[in-house]
Peer 1: 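I have a structure I would like to understand better, so I am pasting it below and will then ask my questions one at a time.
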Amino acid sequence: MHVLLRGRAAIITAASRGIGAGVATVLAREGADLVIAARSLDRLVELAKRLSSQYGVSVIPVRADLTKREDVRRIVDEAMRNFGRVDVLVYNTGPPKPGTFLELSEEDWEYGVRLLLLSAVWITRDVVPHMIERRQGRLIYIASITLKQPLPELTLSNVIRISVAGLVKTLAYQLGRYNVLVNGILQGYVDTERIREVAAERARRSGVSVADVIREMEREIPLGRLAMPEEIGELVAFLASDRASYITGSLILIDGGRTMCI
Ligand code: NAD
């Protein structure tokens, strides 16, 4: 029986599919009650039903576009209304538009900043006062390997996400005295719909097939394969648990050994 997070209340954003859904699955398996948020309600409702019937936890779906301030506010409000507290925030977001610097418009940049940075700032502002009040909390920001190793066609991710590293370090410093622990996750290639979109973009630019691009990605990884979303979930569950009581301010790579810098 899994009980790592029994009785905890967690929020997971951008959770209708991919990494967010994988994290939700592992946290539910470990006994956490969840608020899961994303733009479209259909998939969220389906996931919430599956997880609550499989693991006997409460899972509340919330429709929210992370680029809209009022939607973000609703996520924490729903968690407080249903559970009366938030023990864990897992911040995940939608993928930014790919493209080289000159291909991106000023609107793309503004949307990218809302999607990859402001949404993190907003939800953190909403959740932290509740954690400080209870002298307890875990903030876990799912970012990207691009913080360590920029990827050629992902300009918005390369440039904007780096600020999440500053957010993690700053919050860890300022919130440690309240027993709020803050960490970031730098995942490499994960087997989701998004990675297939990135592969399709790379295939289009280089004139090879999507399957060849995926094989090339796998060749770059010492473990020889993409991660499964649930493998990111296992790391999140550990960081959210009592077992990770002395880890804060860390940016943790989970990339099958792909990144070679120390
Ligand atoms: P995905 O496309 O499979 O899933 C994205 C999720 O984000 C979905 O639930 C979608 O509904 C939600 N979403 C999109 N835009 C949103 C918005 N404006 N508001 C609220 N929810 C929104 O993507 P994924 O592979 O699970 O990636 C999750 C995050 O991790 C993305 O930011 C992605 O760029 C990043 N990332 C992914 C990989 C990878 O290999 N898959 C690697 C590094 C970083």
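Just follow the structure's listing: the first ligand is 1, and inside any ligand the first atom is 1.
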Peer 1: Can you list the ligand 1 atoms lying under 4.0 Å from a non-hydrogen atom of T192?
Peer 2: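 The list of qualifying atoms is 3 (O), 24 (P), 25 (O), 26 (O), 41 (N).
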Peer 1: Within a distance under 4.0 Å of any heavy atom of L115, pick out the atoms of ligand 1 and give their elements.
Peer 2: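 Near L115, meaning under 4.0 Å from one of its heavy atoms, ligand 1 has 18 (N).
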Peer 1: A quick test of your reading: do over 12 heavy atoms of other residues, nucleotides or ligands sit less than 6.0 Å from CZ of R204?
Peer 2: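 Yes, the 6.0 Å shell around CZ holds more than 12 heavy atoms from other groups.
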Peer 1: Any nitrogen or oxygen of G20, main chain or side chain, under 3.5 Å from a nitrogen or oxygen of ligand 1?
Peer 2: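 Between G20 and ligand 1 (N or O atoms, distance only) the closest approach is not under 3.5 Å.
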Peer 1: Please identify which atoms of ligand 1 are closer than 4.0 Å to at least one heavy atom of Y189.
Peer 2: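 The list of qualifying atoms is 40 (O).
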Peer 1: Is A21 near ligand 1, meaning one of its heavy atoms is under 4.0 Å from it?
Peer 2: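 Contact absent.
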Peer 1: Are I232 and I11 connected into the same hydrophobic cluster when the rule is that any two of I, L, V, M, F, W, Y join if their side-chain heavy atoms are below 4.5 Å apart?
Peer 2: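 I11 does not cluster with I232.
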Peer 1: Would I142 count as a contact residue for ligand 1, given that I'm defining contact as a non-hydrogen atom of the residue lying under 4.0 Å from a ligand atom?
Peer 2: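 So I142 does not count as touching ligand 1.
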Peer 1: What atoms of ligand 1 come closer than 4.0 angstrom to any heavy atom of T93?
Peer 2: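 Once the distances to T93 are compared, the set is 28 (C), 29 (C), 31 (C), 32 (O).
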Peer 1: Under a 4.0 angstrom heavy-atom cut-off, which atoms of ligand 1 come close to G18?
Peer 2: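 Within the 4.0 Å cut-off of G18, ligand 1 contributes 3 (O), 26 (O).
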Peer 1: Distance from I162 atom CD1 to K148 atom NZ, nearest 0.5 Å?
Peer 2: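 Here the interatomic distance stands at 9.5 Å.
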Peer 1: Can you check whether I195 has an N/O within less than 3.5 Å of an N/O in ligand 1?
Peer 2: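 No - when backbone and side-chain N and O of I195 are compared with those of ligand 1, no distance drops under 3.5 Å.
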Peer 1: Could you list the atoms of ligand 1 found under 4.0 angstrom from a heavy atom of R161?
Peer 2: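 Reading through ligand 1 atom by atom, the close ones are 31 (C), 32 (O), 33 (C), 34 (O), 35 (C).
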Peer 1: Take every heavy atom of S119, measure it against each atom of ligand 1, and state whether any distance is under 4.0 Å.
Peer 2: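 Contact check S119 vs ligand 1: negative.
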Peer 1: Based purely on interatomic distance, does I19 place a nitrogen or oxygen under 3.5 Å from a nitrogen or oxygen of ligand 1?
Peer 2: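 Looking only at distances, the answer is yes, because the N/O contact criterion of under 3.5 Å is met.
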